[in-house]
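Following: one structure in structure tokens, then a few remarks.
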Amino acid sequence: MKISKVIYSLAAVMGLLLMSCEDLSEVNQNPNSPEEVSANYIMSYVLTHSAKAYYALGAEGSDLSGAMQYIQMGTNEGAMKVNQYGWSAASWSEYYNILKNNDLMYQAAVRDNNRFFQAIALTMKSFVFGLMTDLFGDIPYSEALQAASEQYYPKYDSQLDVYKGILTDLKTASILLGSLGTADVVSAGSDVLYGGKAANWKKFANALRMRYALRLSAKKAEAAAVGIDITAEFKDAAGATFAANADDASMAFIGTTRDNSAAGGLLNASNPLYYIKPSKPFVDKLTALGDPRRDRWFQPVLNKWDAKTTTVTEKSVTNAFGETFTVKYMPAKAGANVDTSLYVGLPVGLAIVDATGYNKGDDGTAYNPERSQYISFLHNRYRTNTEAYVKMNLITYAEVEFMLAEAALDGSWGVSGTAEDHYKSAIKASLDKYNAQVASGFSFDRYYAQNAVSLASASNKLERISEQKWIAGWLSVEPWFSWRRTGFPALKTGPAAQFGAAIPVRFVYPIANADAKYLVNYNAAVDKLEPSGFVPTGQSKDHQYSKMWLLKGTSAPW
């Protein structure tokens, strides 16, 4: 396993930080020595790089944003990979680089007898290792990060053992954060997530405990066999976790350099990324519900087909938040196979040639294929370096409430409150995160009363909760993990899906090191994967359609 070198120089790290300047008073006498490096000095690096790596997984144009049908790619070279699930070997070098730095922070915390830093390090260790096992399956865990002891070929631990370690570390972190002394302090300037507030870190650790306990919901018996009572873990964590959007583990982009700017801004993309389109299933769902978040995330088409228009007419269109757009209304002939909506998404999984001309009708004008006039663009905020509603969210209050709604619906998790109360709170939290309830004419009560939103009116209440969780999880990773566990929402693939009518369920391991000592561990992990019928005959079980332990023996997601 290749692990990038840890950067100790102050200048190098300062160039990479997203959120703050280092409090130089906290740096030890020799900041270039790993034996004496300040935990404050490392913490900003760990937090910002963890947030960027997590955000990138679900951001616009990523494999997972395509799989969850938030977006589709238009005409660029990555369209087949995103739209048709032709995933290749992934990388985990950045995760292990973060973990190595995090381990240095933990060692410094132990050296300084600082329980606050120990708790932060345990929380971030759990966050990153949890993400990795969620993505890949078995991973190097117990023997990882030990190159200094000449452990260059760590074994791949079972997912069950990794989750057990994660839940243990998070519980320890929560206990530590509830018993800090006056000497257990961190620099507010270096803690770019919570500004040195221990109470928030405790809520964050417990929110993650809930996430991973629920992740194991189909494996309760196997978890119990190794001493993990996931019901007790969930219930204990739920009593001391997020209670408002202000508690979110969330980080903003600064927007002053490439490293601290959003991917769609001009500092990272010299040409605006117009080829990233909203997907038709997602746009149509929001439109059908009258959901104001649509207008936060998307723009109207530039050219709108209209059966009542006889000549091309420019009109000024104002969205629910008072933003004005100029739209050309185009005469639509009777029987024309075109979408006349003001907001139009690109259908899922089309062949590139079909995506290029989608909804163009009989308009023979040659448009830039990336800037189709007849398909909506993502809102302009996704083409800026920084924007108030574009943040790196590690876990949110809305997700916590959706988890509580699911737990209350199940009835065996011992949580307080009804499923409907938590479900309502989750939807409100998401709406408020985007300040969407101020939309013109919007009423939450009317929105919730719809048969397609109300929990009481749902024939399958878990599906209803999962669908709203999917909406709230716009451009994030967690909806894929939730869908993979529950099978909801019931997303359908398009006609050009590369391996058949199914969405992938795991990331492919990084390209294997040819060294025999590496291959023995890699092959052992691959042998434990269970290939589905979507893995072509003769291909390795290390495939995006093979089931990891977490999914074995379950009927979800397909």
Side-chain angles (χ1 to χ4, degrees), residues 1-7 13 16-19 39 42-59 62 64 90-109 117-147 154 156-159 161-174 191-194 201 204-213 215-216 249-251 392-396 399 476-478 480-481 506-507 509-510 548 550:
M1 178 180 62
K2 181 180 178 181
I3 300 177
S4 300
K5 290 183 178 179
V6 180
I7 302 173
V13 176
L16 290 169
L17 295 185
L18 283 171
M19 311 308 298
I42 306 171
M43 177 171 55
S44 295
Y45 179 94
V46 170
L47 298 182
T48 56
H49 280 251
S50 296
K52 286 198 296 182
Y54 187 70
Y55 177 84
L57 281 171
S62 69
L64 291 183
S91 173
W92 58 26
S93 60
E94 174 65 2
Y95 305 134
Y96 279 110
N97 184 50
I98 293 167
L99 287 164
K100 182 59 180 175
N101 279 276
N102 189 72
D103 189 54
L104 291 174
M105 177 167 62
Y106 183 77
Q107 293 176 29
F117 267 120
Q118 290 177 44
I120 290 174
L122 290 173
T123 301
M124 296 310 299
K125 173 188 175 184
S126 301
F127 177 82
V128 179
F129 270 127
L131 176 61
M132 290 179 64
T133 195
D134 284 342
L135 293 172
F136 294 96
D138 293 358
I139 56 169
Y141 177 68
S142 61
E143 295 180 354
L145 313 177
Q146 297 181 26
Y156 287 52
D157 293 86
S158 72
Q159 278 197 293
D161 287 340
V162 177
Y163 287 125
K164 179 180 180 180
I166 288 167
L167 288 170
T168 299
D169 283 345
L170 288 171
K171 187 173 184 178
T172 300
S174 179
D191 179 4
V192 295
L193 192 58
Y194 285 126
W201 273 101
F204 178 30
N206 282 316
L208 292 177
R209 287 174 70 195
M210 293 173 64
R211 175 185 281 179
Y212 289 110
R215 192 85 83 234
L216 292 169
S250 183
M251 207 176 293
M392 296 169 282
N393 300 308
L394 305 185
I395 190 167
T396 65
E399 182 187 334
S476 65
V477 178
E478 185 58 27
W480 183 57
F481 298 135
R506 65 176 292 271
F507 276 19
Y509 284 127
M548 57 182 70
L550 191 64

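The chain is numbered in sequence order, starting from 1. As the structure is a computational prediction, the values presented were derived from the model and not from experiment.
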task = Report yes if some heavy atom in the side chain of Trp92 is under 4.5 Å from a heavy atom in the side chain of Pro140; otherwise report no.
result = yes

inquiry  = Under the criterion side chain to side chain contact (heavy atoms under 4.5 Å, CB included), I'd like the reasoning laid out for Phe204 against Met124: C-alpha separation, chi angles, the key distance, then a yes or no.
reply    = CA-CA 10 Å; Phe204 178 30; Met124 296 310 299; 4.0 Å; yes

query = Mind checking whether Glu478 and Arg211 have side chains closer than 4.5 Å, heavy atoms only?
reply = yes

ask   = Roughly how far, to the nearest 0.5 Å, is the CG atom of Asp157 from the NZ atom of Lys164?
value = 12.0 Å

task = Mind listing the closest non-hydrogen atom pair of Gly58 and Val477 along with its distance?
result = N-CG2, 3.8 Å

task = Hey, could you give me the CG/NE2 distance between Asn102 and His49, rounded to the nearest 0.5 Å?
result = 13.0 Å

Min side-chain heavy-atom separation Val46-Ile120 under 4.5 Å = no

request  = Indicate the atoms forming the closest heavy-atom contact of Ile98 with Ala53, along with that distance.
outcome  = CD1-CB, 4.4 Å

ask   = Got Asn97 and Tyr45 here, is their nearest side-chain heavy-atom distance under 4.5 Å?
value = yes

message = Could you work out, with ring pair (Phe, Tyr, Trp, His ring centres under 6.0 Å) as the rule, every residue matching Tyr141, not counting sequence neighbours?
response = Phe129

task = Please examine the side chains of Leu47 and Tyr194, heavy atoms only from C-beta on, and report whether any two atoms are closer than 4.5 Å.
result = no

ask   = Does the side chain of Ile395 come within less than 4.5 Å of Met210's, by heavy atoms?
value = no

request  = Evaluate the side chain to side chain contact (heavy atoms under 4.5 Å, CB included) criterion for residues Leu394 and Ser50: first the C-alpha distance (whole Å), next the side-chain angles of each, then the deciding distance (0.1 Å), finally the verdict.
outcome  = CA-CA 9 Å; Leu394 305 185; Ser50 296; 5.5 Å; no

request  = Nearest 0.5 Å please: distance from the CG atom of Leu193 over to the OG1 atom of Thr48.
outcome  = 10.5 Å

task = Specify the closest pair of heavy atoms between Ala144 and Tyr96, including all atoms of both residues, with the distance to one decimal.
result = CB-CE2, 3.9 Å

ask   = Which heavy atom in Ser250 sits nearest to a heavy atom in Asn393, and how many Å separate them?
value = OG-OD1, 2.7 Å

task = Verify side chain to side chain contact (heavy atoms under 4.5 Å, CB included) between Met548 and Phe136, making sure each step is shown before the conclusion.
result = CA-CA 8 Å; Met548 57 182 70; Phe136 294 96; 5.9 Å; no

task = Compute the ring centroids of Tyr54 and Phe127, then answer whether they are less than 6.0 Å apart.
result = yes

query = Who are the side-chain hydrogen bond (donor to acceptor under 3.5 Å, both in side chains) partners of Trp201, not counting sequence neighbours?
reply = Asp191

note = CG of Leu208 to CG of Leu167, rounded to nearest 0.5 Å, is 10.0 Å

key: Minimum heavy-atom distance Tyr509-Gly137, with the two atoms named   = OH-C, 4.1 Å

message = Show the nearest heavy-atom pair for residues Leu57 and Leu64, with the distance to one decimal.
response = O-CB, 3.4 Å

query = Quick one: are Phe117 and Ile42 in side-chain contact, heavy atoms under 4.5 Å?
reply = no

key: Approximate separation, where rounding is to 0.5 Å, of Leu216 CG and Leu550 CG   = 6.5 Å

query = How would you list all residue pairs meeting salt bridge (Lys or Arg N to Asp or Glu O under 4.0 Å) that involve residues 124-135, not counting sequence neighbours?
reply = Lys125-Asp169, Asp134-Arg215

Beyond-backbone contact of Val162 with Ile139, side-chain heavy atoms, under 4.5 angstrom = yes

note = In this structure, CE of Met105 is separated from CD of Gln118 (nearest 0.5 Å) by 11.0 Å

